[in-house]
Amino acid sequence: MSELPFKKVDELLGGELVGERVRTRGWIYRTRHKGKMVFTVIRDSSGIIQATLFKGDMESEDDFNDAKKALVESSVEVEGILVEEPRAPGGYEIQVRRFHVVHFAEIFPITKDQSEEFLMDKRHLWVRSRRLTAIAKIKHSLFKAAREWFDEQGFYEVTPPILTGSAAEGGATLFEVKYFGDKAYLSQSAQLYLEAMIFSLENVYSITPSFRAEKSRTRKHLTEFWHLEAEEAWTGLEGNIKIQEELLSHIAHRVAEWNRKELEFLGRDPKDLLKIETPFPRYRYSEALDNLRKKGVELEWGDDFGAPEERKLTEDEELPIFVTHWPTEAKAFYMRWDPKDTRVVLNDDMLAPEGYGEIFGASERETDVNHLIERLKAEDANIEDYEWYLDLRRYGSVQHSGFGMGVERVVAWLSKAEHIRETIPFPRTPSRIRP
RNA sequence: GCCGUCGUAGCUCAGUGGCUGGAGCGGCCGGCUGUUAACCGGCAGGUCGCAGGUUCGAAUCCUGCCGACGGCGCCA
C-alpha cells in the first residue's frame, strides 16, 4: 500500500477525484465474485462505494485472493483508480490495484431475511445498517440544532441529577435503585430541578435520559428515553408556546438542510420539514373535543385522548398542533390553574403530524405555595418529599413556564420511522434490557 | 394490567397424527471478466422453545411454563 491519505467515501462520490489514484477504508457491505473479478461494496461512516477488482489489473495476486475470501463486514483498505461508472451503485467505483484486509470477519449473522426479534438480539451489529445510521445522524442534528437555537436565545444548558431521592410524578412508574442503605429512583423528569435553576440563570434547558417503568408496548414508548426540557422565568403559557414552536421549526429546518441524503434514504421528503413554519395551529381542549365530535368520536369532558383520537386530530394537519387548557384533574399538581376558568390548567401538549403522537408536554407552573400544598394533598402525596420544591415558592416566586420534549418521538417523526426503537441505538423496553 | 399472534437448520419459512423432517438465503468446494438480493454444479448443517400427558406411533393433539412480537391503556 502507498502512503496516500485515506479519503472518505462521500469525498469519492463527489466526483472531483475521478481519474486519480485514491485510497479509502471501511467495511465490506456486499461482496460477490465472478471468475477473475470481485465486486465489493465498501461502507464507511459517510456512505457506500463499489470497489471492483480485475485479477489482471491487481498489483498483488495475494490481494486478489484475500478479497475473494473476505466475508461481509471484514474491515479493509483499498487503493485504486476512481472512475465514473454508471453500472456501479452511486455512479462511481474504484478500480482496485491494492486490497488489504485489516480483519477477516466471521460469518455475519444478519442477512437478507430477519425477524424483529433476531435484529434486536443482534442490535450491536444491526446498528451498522444504513437505516439506523441515517437515523442516528438525524438525531445528532437534532441535538446540534437545539443547542444552537437555545444558545442564540440566551438559555443556559444545565445538568440536573439522574438519581433522585423521591418521586416527582406518579410513584408507580419509577425505577428503584439501591443507594447504599437507602432507596433512590431514576429520574423521570428534570423539571423540578430546572425550576430551582431559573432563580439564578432565568432561562435554562437540559438534555438527559428519563426513565419510566411503564409496561407500555407501543411504537412510541421506551423505558429509557432522551428528554429535552426547558424552563423559563418571567414567562407565561403564551411565551412558552412560542418557544416550543420556534425551537421545533428550527430543528426541522436544520435537519432538512443538513440531512438531505439521509431523509431521502428514509423516504422523508425534506420539503415536508421545510414547511414546518410558526405559528402552529392551537386548539383549546374543549375545541379539540368538538372537532372530534364532528369526526364521530364522542368523549366526555375530562377524558384524555388515546392514540386513535390523536391520529384523528392530526390527520388533516401538515403542522404539529397544540392542544391547550386541559382539565385540571387530568394533569399534574404543578400546573397553574387558569385564573379565568379553574376547571382547566395553563398547559399544552404538542401533537406531531401523521400520528406520531405527543412530542411536547408543557405548562405554566403554579406559583402559590398554598395552592401547591392543596393539590399535593388531593393526590395523597407526601408533603415532606416536596418541601424543597415548595421552598422555591417561598423565596422570590415568579411566573415561570417550561416544557419537555421526547427526543426519540421527534426523531421518529422527522425520520418517518416505523417504531421509536429505530431512533435509539440500544432501546430499553419492558422486554428488552440487552444487549 | 388487558387482548392477540408466533417459537422447526445460522436466518426466513413450509411441513398439522404414519416410511430417513424439507426449501430458499447464508457458509464451504468448483466454474464463470460487469456483478447489482448475480448465476450454474456439488457438500455440510436439526435438543422441531422447555417440561409433562394422550397414543401402537407426536414437530403435529392436550396441559403447564418460558421467550418474543403486534396492539390497547398510561405517558414524552
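Throughout, a chain's letter reflects where its sequence line sits, starting with A, and its residues are numbered from 1.
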> Please tell me which of the listed nucleotides, B/A76, B/C72, B/U36, lies nearest to the side chain of A/Ala307?
B/C72
> For a quick check of understanding: with a heavy-atom distance under 4.0 Å over all strands, which category does A/Gln95 fall into, base, sugar-phosphate or nothing?
base
> Which one is paired to B/U5, where only Watson-Crick or G-U wobble pairs with both distances under 3.5 angstrom count?
B/A68
> Rounded to whole angstrom, note down the C1' distance from B/C56 over to B/A23.
32 Å
> Does the side chain to side chain contact (heavy atoms under 4.5 Å, CB included) test come out yes or no for A/Ile359 and A/Met350, once each step is laid out?
CA-CA 6 Å; A/Ile359 49 177; A/Met350 192 204 294; 3.8 Å; yes
> Just the rounded figure in Å: distance from C1' of B/U5 to CD of A/Glu117.
13 Å
> In terms of side-chain geometry, is the basic nitrogen of A/Arg282 or A/Glu287 positioned less than 4.0 Å from the acidic oxygen of its partner?
no
> In whole angstrom, what separates A/Asp349's CG from B/A76's C1'?
9 Å
> Who does B/C32 pair with, Watson-Crick or G-U, both distances under 3.5 Å?
none
> How long is the line joining CH2 of A/Trp413 and P of B/A76, in whole Å?
19 Å
> Please identify which of these residues, A/Glu238, A/Glu246, A/Glu245, meets the salt bridge (Lys or Arg N to Asp or Glu O under 4.0 Å) condition with A/Lys242.
A/Glu238
> Just checking A/Glu310: base, sugar-phosphate only, or nothing, at a heavy-atom cut-off of under 4.0 Å?
base
> Is there aromatic stacking of A/Phe225 against B/A76, centre distance under 5.5 Å, plane angle under 30°?
yes
> Does some side-chain heavy atom of A/Glu232 sit less than 4.5 Å from a side-chain heavy atom of A/Asn240?
yes
> Considering only atom P, compute the distance from B/C39 to B/G1 and round it to an integer number of Å.
48 Å
> If you pin A/Lys55 and A/Lys69 to their nearest nucleotides in RNA chain B, which one's is more 5'?
A/Lys69
> Between B/C32, B/A76, B/A68, spot the one nearest the side chain of A/Leu222, thanks.
B/A76
> Remember a base hit wins even if backbone is also touched, and classify A/Glu408 as base, sugar-phosphate or nothing at under 4.0 Å, heavy atoms.
nothing
> What's A/Gly306 touching, base or sugar-phosphate or nothing? Going by heavy atoms closer than 4.0 Å.
sugar-phosphate
> Give A/Phe108 one of three labels, base, sugar-phosphate or nothing, depending on what nucleic acid heavy atoms sit under 4.0 Å from its own.
nothing
> Would you mind reading off the distance between A/Ile251 atom CD1 and B/A76 atom C1', rounded to a whole angstrom?
14 Å
> What's A/Asp121 touching, base or sugar-phosphate or nothing? Going by heavy atoms closer than 4.0 Å.
nothing
> So, are A/Arg375 and A/Glu366 salt-bridged, with charged N and O less than 4.0 Å apart?
no
> Looking at B/G71, B/U35, B/A76, which one has an atom nearest to any side-chain atom of A/Arg219?
B/G71
> Between A/Lys215 and A/Met37, which residue's closest nucleotide on RNA chain B lies nearer the 5′ terminus?
A/Lys215
> Between B/C32, B/U35, B/C75, which nucleotide has the shortest distance from any of its atoms to the side chain of A/His221?
B/C75
> Could you work out which one of B/G34, B/U36, B/A68 sits closest to the side chain of A/Arg432?
B/A68
> Using a strict threshold of under 4.0 Å (side-chain N to carboxylate O), is an ion pair present between A/Arg131 and A/Glu422?
yes
> Just name whichever nucleotide pairs with B/G21, Watson-Crick or G-U, keeping both distances under 3.5 Å, else none.
none
> Classify A/Glu214 by what it touches in the nucleic acid, base, sugar-phosphate, or nothing, heavy-atom distance under 4.0 Å.
base
> In whole Å, I'd like the distance from the OH atom of A/Tyr92 to the C1' atom of B/U36.
19 Å
> Which one, B/U35, B/A76, B/C28, comes nearest to the side chain of A/Arg32?
B/U35
> Given atom CZ of A/Phe64 and atom P of B/C32, what is their separation to the nearest angstrom?
11 Å
> Name the closest nucleotide to the A/Ser216 side chain, picking from B/C69, B/U36, B/G73.
B/G73
> Taking CG from A/Leu248 and P from B/A76, how many angstroms apart are they, rounded to a whole number?
16 Å
> For the residue pair A/Tyr285 and A/Trp326, does the interplanar ring angle fall in the parallel (under 30°), tilted (30 to 60°) or perpendicular (over 60°) class?
tilted
> I want to check one thing: is the phosphate of B/A68, taken as OP1 and OP2, less than 4.0 Å away from some side-chain N or O of A/Arg434?
no
> Given that both distances must come in under 3.5 Å, which nucleotide forms a Watson-Crick or G-U wobble pair with B/G45?
none
> Looking for any heavy atom pair under 4.0 Å, which part of the strands does A/Glu93 touch: base, sugar-phosphate only, or nothing?
base
> Taking atom NZ of A/Lys295 as the centre, report whether more than 12 heavy atoms of other residues, nucleotides or ligands fall under 6.0 Å from it.
yes
> Let me know which of A/Arg268, A/Arg409, A/Lys220, A/Arg311 forms a salt bridge (Lys or Arg N to Asp or Glu O under 4.0 Å) with A/Glu354.
A/Arg268
> For A/Ile28 and B/G27, what is the distance between atoms CD1 and C1' respectively, to the nearest whole Å?
15 Å
> Return the polar atom pairs (N/O with N/O) between nucleotides 8-13 of chain B and the protein under 3.5 Å, or none.
from, atom 1, to, atom 2, distance (Å)
B/C11, O2', A/Asp113, O, 2.1
B/U12, OP1, A/Ser115, N, 3.1
B/U12, OP1, A/Ser115, OG, 2.4

> Side chain of A/Pro308 only, heavy atoms from C-beta on: which candidate in B/G73, B/C75, B/A68 is closest?
B/G73
> Give the ring-plane orientation class for A/Phe333 versus A/Tyr389, where under 30° counts as parallel, over 60° as perpendicular and anything between as tilted.
perpendicular
> Output the single nucleotide from B/C69, B/G34, B/G27 whose closest atom is nearest the side chain of A/Ile107.
B/G27
